[in-house]
Amino acid sequence: MNDPVAYAVAGLAVVAAVYAGWLMWRDEAFTNGLFYVVIVLELVLLALLVGGSIALARTERDVDGVLFISYLVTVVVIPPAAVIWGVAEKSRWGTGVVLVAMLTIAVLVVRVLGIWQGAYV
Amino acid sequence: MSDPASSATTSTGFGRALVAVYAVFALAATARSLYQLSAKASEAPVAYALSAVAGLVYVVATYALATDRRSLAVATIGFELAGVLGVGVLTLVDAELFPDATVWSDFGAGYGFIPLVLPFVGLWWVRRVRS
């Protein structure tokens, strides 16, 4: 867990958010393309959870482990929840749900980096 | 804007996205208060109790909007509006009262002022659907 990894993942979430925002602006409901983007992000977030857990076990620094892992689990849960909630809405606001979710993930991933660095203790 | 007024319930159309935003804040405020109360309850009891109240308000508001319970939605969103304004003023007047932050501190500045804007949008939306 380090700066480039966290910012890359947060950046990917922002890209997904921009894509969702663009679809929303174009008045499109949930598309297959958006679905694939969310799946890619979900896989990356799962990798982040696994990688973060390993890093936590190995580090000798004093990291708030409970907070760190709960954030990582939260970001993994958000994309499926957003898809389930958003896909039922056959209007632009279905993609709006994804926009909200992706922005939330970007913020949470940056906070995860802060927790890892001990910024919030 | 594709006519959001065409929606028949508070959880469809624009409401679908609004519920998502409320869910995020329900999660953020509740998780924050659980962590604060379990890890360091004695440090700032007023702020942490308030975090718990805020979390509960967002959870109930999310539930009310998602299930189209409009009077419950108006009640909880009204409480939310009073909370963010009241706590916002209190944190400016007497910083000692809240040694640690809550979602509503400084009018929600720590969350991009979304907690300040959200109740207005929520109340507007419930009115919009009703008419």
Side-chain angles (χ1 to χ4, degrees), chain A residues 13 17 20-21 23-30 34 38 62-112 114-115 119-121, chain B residues 1-40 43-44 51 55 58 62-63 65-68 100-103 108-115 117-118 121-122 125 128-129:
Chain A
L23 288 174
M24 192 176 95
W25 185 67
R26 294 207 9 188
D27 210 2
E28 295 206 37
F30 220 106
L34 186 60
V38 173
D62 189 16
V63 174
D64 192 335
V66 175
L67 197 60
F68 183 66
I69 297 298
S70 57
Y71 264 75
L72 288 175
V73 170
T74 303
V75 292
V76 165
V77 173
I78 288 175
V83 169
I84 291 166
W85 184 245
V87 80
E89 176 65 36
K90 303 296 178 204
S91 78
R92 59 162 54 175
W93 303 112
T95 51
V97 171
V98 178
L99 171 63
V100 170
M102 296 301 114
L103 289 177
T104 305
I105 288 168
V107 172
L108 289 179
V109 169
V110 173
R111 285 188 68 98
V112 165
I115 294 164
Y120 301 116
V121 176
Chain B
M1 287 272 203
S2 70
D3 189 21
S6 62
S7 183
T9 71
T10 59
S11 68
T12 49
F14 170 74
R16 191 55 72 155
L18 185 63
V19 168
V21 178
Y22 265 97
V24 168
F25 276 89
L27 178 73
T30 309
R32 179 173 202 162
S33 73
L34 286 178
Y35 173 72
Q36 287 175 331
L37 288 171
S38 63
K40 41 184 183 176
E43 281 177 32
S51 282
Y58 282 116
T62 306
Y63 166 76
L65 287 171
T67 55
D68 201 32
D100 201 350
T102 76
V103 263
Y111 293 80
F113 290 107
I114 295 171
V117 179
L118 203 51
V121 177
W125 176 243
R128 185 92 190 224
V129 171

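Each chain gets a letter, A, B and so on, in the order its sequence line appears, and its residues count up from 1.
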Choice from Val100(A), Ile78(A), Leu108(A) maximising heavy atom contacts with chain B below 4.5 Å: Val100(A)

Closest heavy-atom pair and its distance - Trp93(A), Phe14(B): CD1-N, 3.0 Å

Taking every non-hydrogen atom, the tightest pair across Ser91(A) and Gly13(B): OG-CA, 4.3 Å

Measure Val24(B) against the heavy atoms of chain A and call it side chain, backbone, both or neither at under 4.5 Å. side chain

So which part of Thr74(A) gets closer than 4.5 Å to some heavy atom of chain B, the side chain, the backbone, both or neither? side chain

Could you pull out the closest heavy-atom pair between Arg16(B) and Val97(A), with the gap in Å? O-CG2, 3.5 Å

Shortest non-hydrogen pair, Gly96(A) vs Ala17(B), comes out as C-CB, 4.2 Å

Give, as side chain, backbone, both or neither, the part of Leu27(B) having an atom under 4.5 angstrom from any heavy atom of chain A. side chain

